[in-house]
Number of protein chains: 2
Amino acid sequence: MEVLSKPDGASVATTAAPDANRRGDIIRAAGRLFHQKGYNGTTIRDIADAVNMRSGSPFYHFKSKHEILFTVTTEGIEVMLRNLEMVIARQQPPRACFEACVITHMNYLLGPGRDFAWVMLYESRLLDPTERAVVHCMSARYEEVFSAVLDRLVASGDLRDASAIARKLILGAINWSAQWYDENGASDPQAIAQQLCALVLREKN
Amino acid sequence: MEVLSKPDGASVATTAAPDANRRGDIIRAAGRLFHQKGYNGTTIRDIADAVNMRSGSPFYHFKSKHEILFTVTTEGIEVMLRNLEMVIARQQPPRACFEACVITHMNYLLGPGRDFAWVMLYESRLLDPTERAVVHCMSARYEEVFSAVLDRLVASGDLRDASAIARKLILGAINWSAQWYDENGASDPQAIAQQLCALVLREKN
DNA sequence: CCTACCGATCGGTAGG
DNA sequence: CCTACCGATCGGTAGG
């Protein structure tokens, strides 16, 4: 790489990085900041600072602040949906399938996807109607797939009720964990997922 | 009242109202706006407009925008805690007590307290550390009282587990309902509360 | 509680 | 991707 032949390597490393994914840097930094301070509490200058740009430069990659929020949000929901479909493709028995879905959901929600999932759950409502409709559509798809997992649990006798309200309550218990989970605390995402399963599933016999 | 003797009654009615609780008007309007658009997405001018004041006037009642947020937040948690303690004072059996607590919680969360509870749940994190500590302390008190209700359920055999995680999961399922509840939808707060009870409690026999 | 206003900051843009 | 900047708007205040 030509970078190596430049006389001032250190300076190049921090200011140039020609082929690095600056767009990805921006959405990761924006996700973290939107999570910490909220969308409206975060300025373009905050985001630019976090990736060592000047305040005008994020607009070279995104046409508006809203577009950054939209990108962060869809990144979150897309990964969650992809993960869910991968787990279901394993074709496990109903109970094992549900447990795996919850573990996967929580691993992302409380782990690498913390910021993206948070923004999707709590900040996407600040998008304008058109963008919000897209996000809502993707969330509905997630719920639809999850719903089929619950239906199988009812069929196998592991769950009493898979109505729309029951589904919302279960997903609520899961998603709410992002509010109180402490990564330095005693329990990890998997342990929480298992507690959730024990709470809503019938006792095994 | 002297108001009645004024020649232009209509004008008086909209501009004077000398002894009305303007402070209460402000926090109600602020609650609704913070719920709709978020704390940072709501301006002092939005709030002032909503109660027919000019932009500088809210500062006659509150020393800062943060103080309005703090007041809205504590109003929410105080009412919820008071309601909870009133239900517990009825001294019902464990299962009936739990059901009554959940119904009361949801009636406020999805009904008259919609805005206050929402702001408490989702916007209070934007307070500065000192104010947030006060709110956190009140929330902890709520959880503590709720925890005792769960302990009795375990003792009576109606619930398998009342660990801290189980408690968080149950409260999460409840609180999350504010995200999806549709007041024009099919089910009312009480029906949702009963579904929650059916989901987490052992079957009666 | 209003009028009039302030300094700071915001999202976004033109031109390079 | 930076420099330099713009119009709009923000939270808050002084004086009445």
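Atoms considered below: every heavy atom in the structure, side chains included; atoms not considered: hydrogens, waters and symmetry mates. Sequence lines set the chain letters: A, B, ... in the order given, protein chains first and strands last, and positions in each chain run from 1.
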**Q** Report the nucleotide, chosen from D/dC10, C/dG11, D/dG12, that has the shortest atom-to-atom distance to any side-chain atom of A/K65.
**A**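 The listed nucleotide nearest to A/K65's side chain is C/dG11.
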**Q** Atom CD1 of B/I44 to atom C1' of C/dC10: distance rounded to whole Å?
**A** 17 Å
**Q** Without decimals, in angstroms, what is the distance between B/I68 CD1 and D/dG11 C1'?
**A**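 So the two atoms are 11 Å apart, to the nearest Å.
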**Q** Can you identify which nucleotide, out of C/dG12, D/dG11, C/dC1, has its nearest atom closest to the B/M53 side chain?
**A**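 Selected nucleotide (nearest to the side chain): C/dC1.
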**Q** Over how many whole Å does the gap from A/F62 atom CZ to D/dC1 atom P extend?
**A**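 Between P of D/dC1 and CZ of A/F62: 11 Å.
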**Q** Could you grab the distance from atom CG of B/D151 to atom OG of B/S163, nearest 0.5 Å is fine?
**A** 10.0 Å
**Q** In terms of the nearest nucleotide of DNA chain D, which residue is placed more toward the 5' end: B/K63 or B/T43?
**A**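 Closest to the 5' end, via its nearest nucleotide, is B/T43.
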**Q** Looking at DNA chain C, which of residues 27-41 of chain B put a heavy atom within less than 4.0 Å of it?
**A** none
**Q** Counting distance only, does the side-chain N/O of B/R45 pair as donor-acceptor with the main-chain N or O of B/S55 below 3.5 Å?
**A**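 A pair under 3.5 Å: no.
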**Q** Nearest-nucleotide wise, let me know which of A/S57 and B/Y60 is further upstream toward the 5' end of DNA chain C.
**A** B/Y60
**Q** What is the distance, rounded to the nearest whole Å, between atom CZ of A/R45 and atom P of C/dT13?
**A**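 The distance from CZ of A/R45 to P of C/dT13 comes to 13 Å, rounded to the nearest Å.
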**Q** Quick one: B/I47 CD1 to C/dC1 P, roughly how many Å, whole number?
**A** 14 Å
**Q** Measure from CG on B/D25 to C1' on C/dC1 and round the result to the nearest Å.
**A** 14 Å
**Q** Does A/R54 place a side-chain N or O at less than 4.0 Å from the phosphate oxygens OP1/OP2 of D/dT3?
**A**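 A/R54 to D/dT3 OP1/OP2: side-chain N or O found under 4.0 Å.
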**Q** So does A/A198 get a backbone contact from the side chain of B/R160, meaning a donor-acceptor N/O pair under 3.5 Å?
**A** yes
**Q** May I ask you to check whether B/H35 and B/Y122 place their ring centers less than 6.0 Å from one another?
**A**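 That pair fails the under 6.0 Å test.
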**Q** I need the CD-P distance between B/E67 and D/dT13, as an integer number of Å.
**A**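 It is 12 Å, rounded to the nearest whole Å.
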**Q** Quick check on B/H136: does its NE2 atom have over 12 non-hydrogen neighbours (other residues, nucleotides or ligands) under 6.0 Å away?
**A** no
**Q** As a test of reading the structure: which of C/dT13, D/dC1, C/dC5 is closest to the side chain of A/F59, going by heavy atoms?
**A** C/dT13
**Q** Would you please classify the geometry between the A/H66 ring and the A/Y39 ring as parallel, tilted or perpendicular, with 30° and 60° separating the classes?
**A**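 A/Y39 and A/H66: perpendicular rings.
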**Q** About how many Å separate CZ of A/F98 and CD1 of A/I170, when rounded to the nearest 0.5 Å?
**A** 5.0 Å
**Q** Given atom CG of A/D49 and atom C1' of D/dC2, what is their separation to the nearest angstrom?
**A** 14 Å
**Q** Using Watson-Crick or G-U wobble geometry with both distances below 3.5 Å, tell me the partner of C/dC5, or none.
**A**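 Looking at the geometry, C/dC5 pairs with D/dG12.
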**Q** A/R22 side chain N/O closer than 4.0 Å to the phosphate oxygens (OP1, OP2) of D/dC1?
**A**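 Answer is yes, contact under 4.0 Å.
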